[in-house]
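Written below as structure tokens is the structure these notes are about.
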Amino acid sequence: MSLVYFNKEVLNKYYSEPDKYSVGDGYVRMDGIWSLQIDNDRRDDIVIMLGDLNILNKKEQLHWRSNNIIPPHEGAGLSECTFGRWFLGKWCGPSVAGDLVLVSKYTLFNQAWRERYKWDLFLPLKNGDEVRLQTLHLITTNDNELDFENQILALSKIFIDSLNQKALDNNIDYSMQDVADYKSGIGNRSIGGIDKFVMFNLTNGHDIKPMFDFFKMLQRLRSTEVAHRKSSNIKDLQQVRSYFGMDELHLKDVLEEIFTNTIKTLNTLSEVYLS
């Protein structure tokens, strides 16, 4: 078994052209032309079987060769999941790479929620936003600001903008004291999707403050750092950067922690509503 290793930057080319290439759990493909099995359930590198490179044309082979690295001292070999798939015929989901884990959990969560409640908590993506999920990934370099911003925008589209406000509203008991108190605290501000998400949870007896805070701060991060011009509100910007540790950590590590917390959110919702 001849394994070869590549840095994760090898995938940037394919993420940047989603109309031509697809990257997913265990594969990268040029749609309708070739499909390459990869072990990408790893934090820092990609592993493939040496012989599989033969399916690629010369240009693609050179692209992979330019990103070839020596095997790591630790973590050599295949990930547990990939080994099970390739050699034991087992079905398994990713467990290491936060982007793969998140996409897998998001898909399974949506299916389970729809089966249980007959409506979507997170509405299906449309109007071109499907690509946000298809290209969701952890950034491959420490401080790639543009890629970081694109991923924050994608997470916001998938989890905040897609909250099913109509269904949430229909399932909120506005007569409950906790709900009435929360709504009163909103004041003249318009009631958004996160507000309805909070009140839906309060209606069901779940005041999960860390989860609410995370969603609200993710929305503020998008607003102050990504979707609009950089915020001129220094205090607001400092609060957001402090919450996510952006003055101490590389953007790569910040994003990885955000992915981890998003996974925890899905796990929490699953435990509370689907168990």
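Gln37 places none of its side-chain heavy atoms less than 4.5 Å from the side chain of Ile48. Ile46 has its side chain within reach of Trp64: a pair of non-hydrogen atoms, C-beta onward, lies under 4.5 Å apart. Two residues are said to be in side-chain contact when any heavy atoms from C-beta on lie closer than 4.5 Å; Ser104 and Leu100 fail this criterion. Taking the side chain as every heavy atom from C-beta outward, Leu202 and Asp207 approach each other to under 4.5 Å. Looking only at side-chain heavy atoms (C-beta outward), Tyr15 and Tyr21 stay at 4.5 Å or farther from each other. Asn171 places none of its side-chain heavy atoms less than 4.5 Å from the side chain of Thr203. Using a 4.5 Å heavy-atom cutoff, the side chains of Asp99 and Leu136 are not in contact. Side chains of Asn201 and Met199 form no contact here, defined as non-hydrogen atoms less than 4.5 Å apart.
Considering every non-hydrogen atom in both Arg42 and Pro72, the closest pair reads NH2-CG, 4.4 Å. Across Val254 and Leu249, no two heavy atoms sit closer than the pair CG2-CB, 3.8 Å.
Residues meeting the side chain to side chain contact (heavy atoms under 4.5 Å, CB included) test with Glu80, sequence neighbours left out: none. Residues satisfying the ring pair (Phe, Tyr, Trp, His ring centres under 6.0 Å) test with Phe159, not counting sequence neighbours, are Tyr106, Phe122. Not counting sequence neighbours, Tyr243 has no partner by the ring pair (Phe, Tyr, Trp, His ring centres under 6.0 Å) test. Every ring pair (Phe, Tyr, Trp, His ring centres under 6.0 Å) that His63 has, sequence neighbours left out, goes to Tyr14. In this structure, the salt bridge (Lys or Arg N to Asp or Glu O under 4.0 Å) partners of Asp120, at least two apart in sequence or on a different chain, are Arg114.
In the hydrophobic clustering (ILVMFWY side chains linked at under 4.5 Å, chained through shared members), Tyr27 stands by itself. Residue Leu146 belongs to no hydrophobic cluster, having no ILVMFWY side-chain heavy atom closer than 4.5 Å to its own.
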Derivation of the side chain to side chain contact (heavy atoms under 4.5 Å, CB included) call for Thr140 and Leu11: CA-CA 9 Å; Thr140 59; Leu11 298 179; 5.8 Å; no
Are Leu153 and Glu149 close enough, and set up right, to give a side chain to side chain contact (heavy atoms under 4.5 Å, CB included), and what steps lead you there? CA-CA 6 Å; Leu153 182 58; Glu149 292 183 353; over 6 Å; no
Chi angles and distances behind the side-chain hydrogen bond (donor to acceptor under 3.5 Å, both in side chains) call for Asp169, Tyr174: CA-CA 9 Å; Asp169 195 48; Tyr174 287 100; 2.4 Å; yes
If you apply the rule side chain to side chain contact (heavy atoms under 4.5 Å, CB included), what do you find for Phe259 with Leu155, and how did you get there? CA-CA 9 Å; Phe259 272 56; Leu155 286 168; 3.8 Å; yes
Verdict with reasoning, Trp34 to Val28, per side chain to side chain contact (heavy atoms under 4.5 Å, CB included): CA-CA 9 Å; Trp34 54 261; Val28 56; 4.2 Å; yes
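A donor-acceptor distance shorter than 3.5 angstrom exists from the side chain of Asn40 to the backbone of Gly26, with no hydrogens or angles considered. Under a 3.5 Å cut-off, the side chain of Ser22 and the backbone N or O of Arg29 do not form any donor-acceptor pair. No donor-acceptor distance shorter than 3.5 angstrom exists from the side chain of Tyr273 to the backbone of Tyr117, with no hydrogens or angles considered. At distances below 3.5 Å, at least one donor-acceptor pair connects side-chain atoms of Asn7 with backbone N or O atoms of Glu9. Without hydrogens or angle criteria, Gln61 side chain to Leu53 main chain gives a donor-acceptor distance under 3.5 Å. Checking side-chain atoms of Asn68 against main-chain N and O of Tyr5 turns up a donor-acceptor pair under 3.5 Å. At least one donor-acceptor pair closer than 3.5 Å links the side chain of Gln151 to the backbone N or O of His137. At least one donor-acceptor pair closer than 3.5 Å links the side chain of Asp143 to the backbone N or O of Leu251. With hydrogens and angles disregarded, no donor-acceptor distance shorter than 3.5 Å links the side chain of Asn67 to the backbone of Phe6. A donor-acceptor pair is defined here as one N or O able to donate and one able to accept, closer than 3.5 Å; no such pair exists between the side chain of Asp41 and the backbone of Pro94.
The side-chain hydrogen bond (donor to acceptor under 3.5 Å, both in side chains) pairs that include a residue from residues 262-272 are Lys105-Asn267, where partners are two or more places apart or lie in different chains. For residues 237-275, no pair satisfies disulfide bond (SG atoms under 2.5 Å apart), with sequence neighbours left out. For residues 9-86, every residue pair satisfying the disulfide bond (SG atoms under 2.5 Å apart) rule, not counting sequence neighbours, is listed here: Cys81-Cys92. Applying the salt bridge (Lys or Arg N to Asp or Glu O under 4.0 Å) definition to pairs two or more places apart or across chains, those involving residues 175-196 are Arg189-Asp195.
Around CD1 of Ile70, the count of heavy atoms belonging to other residues, nucleotides or ligands within 6.0 Å does not exceed 12.
Ion pairing between a basic and an acidic side chain is recognised when a charged N comes within 4.0 Å of a carboxylate O; Arg85 and Asp25 show such pairing. Taking a cutoff of 4.0 Å between a charged side-chain nitrogen and a carboxylate oxygen, Arg132 and Asp161 do not qualify as a salt bridge.
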Just distance, no hydrogens or angles: give the donor-acceptor pairs under 3.5 Å from side chains in residues 209-221, sequence neighbours left out.
| unit_1 | atom_1 | unit_2 | atom_2 | d |
| --- | --- | --- | --- | --- |
| Lys209 | NZ | Asp213 | OD2 | 2.6 |
| Lys216 | NZ | Tyr182 | OH | 3.2 |
| Arg220 | NE | Asp236 | OD1 | 3.0 |
| Arg220 | NH2 | Asp236 | OD1 | 2.2 |
| Arg220 | NH2 | Gln239 | OE1 | 2.7 |

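Distance OG/Ser2 to CG/Asp52: 11.0 Å, rounded to 0.5 Å. Distance check, rounded to the nearest 0.5 Å: CG of Leu138 to NZ of Lys252 gives 8.5 Å. Leu121 CG to Leu168 CG: the interatomic distance, rounded to the nearest 0.5 Å, is 6.0 Å.
By the rule that hydrophobic residues join a cluster once side-chain heavy atoms approach within less than 4.5 Å of another member, Ile152 and Val103 end up as members of one cluster.
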